[in-house]
Q: 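Once you've had a glance at the structure underneath, I'll fire off some questions.
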Amino acid sequence: MSLRKIGLGVISALALTASMGLAHAKGDIIVAMQLEPPNLDPTSNAAGAIDSVLYSNVFEGLTRFGPDGSVNPGLAESWEISEDGKTYTFKLHEGVKFHDGTDMTAEDVKFSLDRARGDDSQNAQKALFAGIDGVEAVDPLTVKVTLKEPNGSFLFNMAWGDAVIVAPETIGDIASKPVGTGAFKFTNWVQGDRIDLEKNTDYWGEPAKLDKVTFKFISDPTAAFAAVMAEDVNAFVGFPAPENLPQFEADPRFQVLVGSTEGETILSTNNKLPPLDNIKVREAIAHAIDRQAIIDGAMFGYGTPIGTHFAPHNPDYVDLTSLSQYDPELSKKLLAEAGYPDGFTTTLKLPPPSYARRGGEIIASQLRAVGIETEITNLEWAQWLEQVFKGKDFGLTIVSHTEPMDIGIYARPDYYFQYDNPEFQKLIADLTVENDPEKRSALLKDAQETISNDYVNGYLFQLAFPTVADAKIKGLWKNQPTQATDLTAVYWED
C-alpha cells in the first residue's frame with residue numbers, strides 16, 4: 001500500500017544544490033521521490049518506500065517482478081513443482097555473494113523464509129508465508145519448500161519485496177545498513193535527505209550500468225517542481241504535482257512517463273468502530289463521494305475510478321463503480337435509516353502523499369454535505385503506521401495500496417480496517433489452492449463483488465504513476481507492477 005512511505009518538508013532548489021551538487025556524470029544519477037523509508041528492512045515493515053529504494057537494486061528474492069508485471073527467475077535460476085503442487089524445488093544461481101562478501105546459499109533462503117513465517121515474525125505480509133509447511137536446504141544450491149496445500153500464487157508471492165533473501169549475520173543492523181545480493185550496494189543514509197548506493201562490482205548477474213545512485217527525498221510538491229526544473233535531480237519518480245506535467249511535456253529537456261500502478265487508492269474505513277461498523281453508514285459514505293471530483297481536484301485528472309479493490313488493467317477486473325455512484329440524497333437517506341439523521345463525527349487521518357492530503361480536503365467537504373463531520377489530522381508516515389496501520393486508532397484514512405494482487409488482505413480480520421467476513425475468508429482460501437485459470441478468475445470476481453457489496457472501504461481511484469526525467473535517461477520503468485524504482489537496467493544515452 002502506499003503503505004509502501006516519507007519524510008521531509010519544503011526543500012528549495014538552492015538547498016538541494018548546496019547539499020548534493022549537480023551530478024550529471026554518465027555513471028551517476030540522482031533520483032527523487034516523495035516518500036522516505038522509515039527504515040531499510042523490507043522484511044519487517046509495511047512501508048512501500050523501502051521497496052521503492054531497495055527492491056531489486058539492493059535486495060533480491062527467489063523470483064522477481066519484471067516491468068510488465070511478469071514473474072521471472074531471481075536468485076533461483078529454475079524450479080520444479082511436484083505433481084501434487086505442494087513441493088517447490090529451487091535451483092539457486094552459482095556464485096551469488098552478499099555485499100559483505102559472504103556466499104549466499106540455501107541456508108540463507110531457509111533462514112529468510114523461516115524468519116518470515118515464524119511465530120515472532122514482524123513481516124508486514126506474513127500471510128504470504130503462512131502456507132509453508134517446511135523449508136529444507138538440500139545442498140548449498142538447492143532449496144526445497146513444502147506447502148501445506150497447493151498455492152497457485154506461490155511463485156508470485158516469492159517476488160514480493162517482503163520475501164527477499166537476507167543473511168542471518170546481518171539482521172542486527174539491517175534496518176540501517178542493509179546487506180543484500182543486488183546490483184547495487186548500500187553506502188550511506190542521511191535521514192531526511194538521501195540514500196546513496198554504489199555499483200556492486202561483484203554482482204552475480206548482469207551488472208548495473210550506473211556507478212552511483214542517490215535517492216533524494218522531497219515531500220513538498222512545490223519543492224519537487226523546483227528541483228526538477230533546476231535539474232538538481234535527474235529524475236523524479238511518482239512526481240507529486242500532476243498539474244505541472246504539461247509544462248514538463250513541453251520542455252525538450254525532459255521526458256514524462258505516466259504509467260499504471262497496482263495502487264488502489266481508497267478511503268480506508270475502520271469496520272469495527274461505531275458507527276462505521278454499520279453497513280448502511282459505510283454505504284452512505286460511499287454514495288457521498290464524487291470520485292471524479294477527487295481525481296480532478298487532487299490528481300488533475302490522472303487516475304481511473306474504481307468500485308472495488310482491484311486494478312482495472314487486470315483481465316479479471318469487474319467494474320463495480322455503479323454500486324457506489326455519487327448520490328448525496330441517497331447517502332442522507334441511508335444515514336437516517338442507520339439512526340443518524342443528523343450525521344456524526346469521525347476522524348480522518350491523512351498520511352503525507354498529495355493524493356491523501358489534497359483528496360482528504362475534498363472528501364471532507366463531500367462528507368460534510370451529507371452531515372458527516374471529519375476531524376482531519378495530518379500525520380507523517382511513521383505516525384500513520386503507528387496510529388492507523390498498527391494501532392487501528394482511526395475512523396477514516398486515505399491510502400494507496402500498491403502491493404500487487406492484494407485483495408487477500410480482506411481475508412485478515414486483524415488487518416487495519418478490521419473487516420471480518422468468514423464467507424470471504426473461505427473464498428480467498430479456495431482461491432489460494434485453486435490452479436485452474438477459469439476457476440481462479442471466477443473466484444476473483446466473486447471476491448471483488450463481495451467487498452464492494454459490503455462497502456468495506458470507499459473505493460476511489462487507481463493511482464497513476466507519473467515520472468519526470470532527463471530526456472537522455474533510458475531504462476526507467478513506466479508502470480509500477482510492484483512498488484519499486486528498479487535501476488538495474490538504467491543508463492544515460494550518449
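Here the structure is a predicted model, which means the values were calculated and not measured. Both backbone and side-chain heavy atoms feed into the values below; hydrogens, waters and symmetry mates do not.
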Q: According to the salt bridge (charged side-chain N to carboxylate O under 4.0 Å, His left out) rule, which pairs have a member within residues 54-64, sequence neighbours left out?
A: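 Every pair satisfying salt bridge (charged side-chain N to carboxylate O under 4.0 Å, His left out) with a residue in residues 54-64: E60-R64.
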Q: With a 3.5 Å cut-off and no angle check, do the side chains of Q462 and T304 form a donor-acceptor pair?
A: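 No donor-acceptor contact under 3.5 Å links the two side chains.
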Q: Is there a side-chain contact between F215 and D196, using heavy atoms and a 4.5 Å cut-off?
A: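 Heavy-atom side-chain distance check fails, nothing below 4.5 Å.
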Q: Side chain of Q425, backbone of R412: donor and acceptor closer than 3.5 Å?
A: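 A pair under 3.5 Å: no.
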Q: Assess whether a salt bridge exists between D486 and K478, defined as any Lys/Arg side-chain N lying under 4.0 Å from an Asp/Glu carboxylate O.
A: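 Between K478 and D486 there is no salt bridge, as every charged N stays at least 4.0 Å from the carboxylate O atoms.
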Q: For A484, does its backbone N or O pair with a side-chain atom of Q480 as donor and acceptor, under 3.5 Å?
A: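 Judged by distance alone, yes, a pair lies under 3.5 Å.
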Q: For this output row, return yes or no: ring centroids of Y302 and F461 closer than 6.0 angstrom.
A: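 Aromatic pair excluded; centres sit 6.0 Å or further apart.
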Q: Over all heavy atoms of both residues, which pair between L444 and I407 is shortest? Give the atoms and the distance, please.
A: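 Distance-wise, the nearest heavy atoms are CD2-CG2, 4.3 Å.
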Q: Looking only at atom types and distance, does a side-chain atom of S112 sit under 3.5 Å from a main-chain N or O of I165, one as donor and one as acceptor?
A: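 The answer is no, because no donor-acceptor pair under 3.5 Å joins these two groups.
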Q: Do E262 and H313 have side-chain N/O donor and acceptor atoms under 3.5 Å apart?
A: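 Yes, side-chain donor-acceptor contact under 3.5 Å.
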Q: Closer than 4.0 angstrom, basic N to acidic O: yes or no for D103 and K97?
A: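 Salt bridge present between D103 and K97.
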Q: Could you pull out the closest heavy-atom pair between S260 and F465, with the gap in Å?
A: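 Taking S260 first and F465 second, the nearest heavy atoms are O-CB, 4.5 Å.
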Q: Determine yes or no for a side-chain-to-main-chain donor-acceptor pair under 3.5 angstrom, with N271 supplying the side chain and V456 the backbone.
A: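 Here the side-chain-to-backbone pair exists.
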Q: Could you tell me whether a side-chain N or O of T467 sits under 3.5 Å from a main-chain N or O of V237, the two making a donor and an acceptor?
A: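 No.
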Q: What's the spacing between T43 OG1 and L113 CG if we round to 0.5 Å?
A: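 Taking OG1 in T43 and CG in L113, the distance rounds to 11.0 Å.
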Q: Do V31 and T214 have side chains that get closer than 4.5 Å, going by heavy atoms?
A: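 No - every pair of side-chain heavy atoms lies 4.5 Å or more apart.
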Q: Would you say the side chains of R115 and S121 form a donor-acceptor pair under 3.5 Å?
A: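 No pair is found: no donor N or O on one side chain lies under 3.5 Å from an acceptor on the other.
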Q: Taking the six-membered ring for Trp, is the centroid-to-centroid distance between F225 and F248 below 6.0 Å?
A: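 Ring centres of F248 and F225 closer than 6.0 Å.
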Q: Identify the heavy atoms of F129 and D162 that sit nearest to each other, and give their distance.
A: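 F129 and D162 have their closest heavy atoms at CZ-O, 3.5 Å.
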Q: Is the side chain of K126 donor-acceptor paired with the backbone N or O of G118 at a distance under 3.5 Å, no angle test?
A: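 Such a contact is found between K126 side chain and G118 backbone.
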Q: So, do R253 and M229 sit near enough that their side-chain heavy atoms are less than 4.5 Å apart?
A: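 Result yes, sub-4.5 Å side-chain heavy-atom pair found.
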Q: Using only heavy-atom distances, determine whether the side chains of Q255 and D470 contain a donor-acceptor pair under 3.5 Å.
A: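 Absent: no donor and acceptor within the cut-off.
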Q: For a quick check under 3.5 Å, do N421 and Y419 share a side-chain donor-acceptor pair by atom type?
A: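 Side-chain D/A pair, N421 to Y419: present.
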Q: Whether the Q34 and S219 side chains hold a donor-acceptor pair (N or O, under 3.5 Å, no angle test) is what I'd like checked.
A: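 Per modelled atom types, Q34 and S219 side chains form no pair under 3.5 Å.
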Q: Within the 4.5 Å heavy-atom criterion, are L385 and N45 side-chain neighbours or not?
A: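 Heavy-atom side-chain distance check passes, below 4.5 Å.
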Q: Determine, for E136 against K110, whether the closest basic-nitrogen to carboxylate-oxygen distance falls under 4.0 angstrom.
A: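 A salt bridge is absent here (no side-chain N lies under 4.0 Å from a carboxylate O).
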Q: After noting the C-alpha distance and the side-chain angles of D139 and T142, does the key distance pass the side chain to side chain donor-acceptor pair (under 3.5 Å) rule?
A: CA-CA 5 Å; D139 61 48; T142 309; 2.9 Å; yes
Q: On a heavy-atom basis, which atom in N57 and which in V53 lie closest, and how many Å separate them?
A: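 Looking at all heavy atoms of both residues, the closest pair is ND2-O, 2.9 Å.
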Q: Taking only distance into account, with no hydrogens and no angle test, what donor-acceptor pairs under 3.5 Å do side-chain atoms of residues 392-399 form with protein atoms, sequence neighbours excluded?
A:
residue : atom : partner : partner atom : Å
K392    : NZ   : D414    : O            : 3.2
T397    : OG1  : K349    : O            : 2.4
T397    : OG1  : W384    : NE1          : 2.9

Q: Step through the shown structure and confirm whether more than 12 heavy atoms of other residues, nucleotides or ligands are within 6.0 Å of NZ on K472.
A: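 It does not: K472 NZ has 12 such atoms or fewer within range.
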Q: Between E77 and L92, is there a side-chain heavy-atom distance shorter than 4.5 Å?
A: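 Not touching, per the 4.5 Å side-chain cut-off.
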Q: Is there side-chain contact between R194 and I30, with heavy atoms separated by less than 4.5 Å?
A: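 Counting from C-beta outward, R194 and I30 never come under 4.5 Å.
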Q: Determine whether a donor-acceptor pair (N or O, by modelled atom type, separation under 3.5 Å) exists between the side chain of N123 and the backbone of S44.
A: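 No, the answer is negative, given that no donor and acceptor are paired below the 3.5 Å cut-off.
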Q: In residues 143-155, what donor-acceptor pairs under 3.5 Å come from side-chain atoms, sequence neighbours left out?
A:
residue : atom : partner : partner atom : Å
K148    : NZ   : A130    : O            : 3.1
N151    : OD1  : S153    : N            : 2.8
S153    : OG   : R440    : NH2          : 3.1

Q: Can you tell me how far apart OG1 (T187) and NZ (K212) are? Round to the nearest 0.5 Å.
A: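 Answer for the OG1-NZ pair, T187 versus K212, is 7.0 Å.
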Q: Evaluate side-chain contact (heavy atoms from CB on, under 4.5 Å) for Y203 paired with T181, printing each intermediate quantity in order.
A: CA-CA 7 Å; Y203 185 54; T181 58; 5.7 Å; no
Q: Counting distance only, does the side-chain N/O of T402 pair as donor-acceptor with the main-chain N or O of G263 below 3.5 Å?
A: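 A pair under 3.5 Å: no.
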Q: I'd like to know whether Q191 forms a side-chain contact (heavy atoms from CB on, under 4.5 Å) with E36, so could you lay out the CA-CA distance, the side-chain angles of the two residues, the decisive distance to 0.1 Å, and finally the verdict.
A: CA-CA 8 Å; Q191 294 192 25; E36 179 176 14; 4.1 Å; yes
Q: Decide yes or no for K177 and T170: does some side-chain heavy atom of the first lie under 4.5 Å from some side-chain heavy atom of the second?
A: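 Result no, sub-4.5 Å side-chain heavy-atom pair not found.
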Q: side-chain contact (heavy atoms from CB on, under 4.5 Å) for F217 and D193? Distances and angles first, verdict last.
A: CA-CA 6 Å; F217 307 113; D193 184 23; 6.0 Å; no
Q: How far does CG of N39 sit from CD1 of I50, to the nearest 0.5 angstrom?
A: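 One gets 4.5 Å once the value is rounded to the nearest 0.5 Å.
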Q: Run the numbers on E386 and W381 for side chain to side chain donor-acceptor pair (under 3.5 Å), then give the verdict.
A: CA-CA 8 Å; E386 192 63 32; W381 270 118; over 6 Å; no
Q: Does some side-chain heavy atom of W160 sit less than 4.5 Å from a side-chain heavy atom of F65?
A: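 Heavy-atom side-chain distance check passes, below 4.5 Å.
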Q: Once rounded to the nearest 0.5 Å, what's the spacing between atom CG of D51 and atom OG1 of T485?
A: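 It is 9.5 Å, given to the nearest 0.5 Å.
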Q: Would you confirm whether N457, through its side chain, and Y459, through its main-chain N or O, come within 3.5 Å as a donor-acceptor pair?
A: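 Answer holds: no.
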Q: Ring centroids only, cut at 6.0 angstrom: are Y410 and F417 within range, meaning strictly under it?
A: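 Yes: the rings meet the under 6.0 Å criterion.
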Q: Check F98 against V166 and note the closest heavy-atom contact, atom names and distance.
A: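 For F98 and V166, the tightest heavy-atom pair comes out as CZ-C, 3.9 Å.
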Q: Is it the case that the ring center of H401 lies less than 6.0 angstrom away from the ring center of Y416?
A: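 Yes: the rings meet the under 6.0 Å criterion.
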Q: Roughly how far, to the nearest 0.5 Å, is CG of L75 from CE of M158?
A: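 Atom-to-atom, M158:CE and L75:CG are 12.5 Å apart.
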Q: So how far is it from Y491 OH to L476 CG, rounded to the nearest 0.5 Å?
A: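 Here the interatomic distance stands at 10.5 Å.
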Q: I'd like to know whether E434 forms a side-chain contact (heavy atoms from CB on, under 4.5 Å) with L443, so could you lay out the CA-CA distance, the side-chain angles of the two residues, the decisive distance to 0.1 Å, and finally the verdict.
A: CA-CA 9 Å; E434 182 57 66; L443 288 167; 4.2 Å; yes
Q: Nearest heavy-atom pair of L141 and E94: which atoms, and what distance?
A: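 Taking every non-hydrogen atom into account, CD1-CG, 3.3 Å.
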Q: Apply side chain to side chain donor-acceptor pair (under 3.5 Å) to residues H99 and D202 and explain how you reach the verdict.
A: CA-CA 8 Å; H99 296 151; D202 296 322; over 6 Å; no
Q: Please check this pair: side chain of N479 against backbone of P481, looking for a donor-acceptor N/O pair closer than 3.5 Å.
A: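 No; judged by distance alone, with no hydrogens or angles, the pair does not exist.
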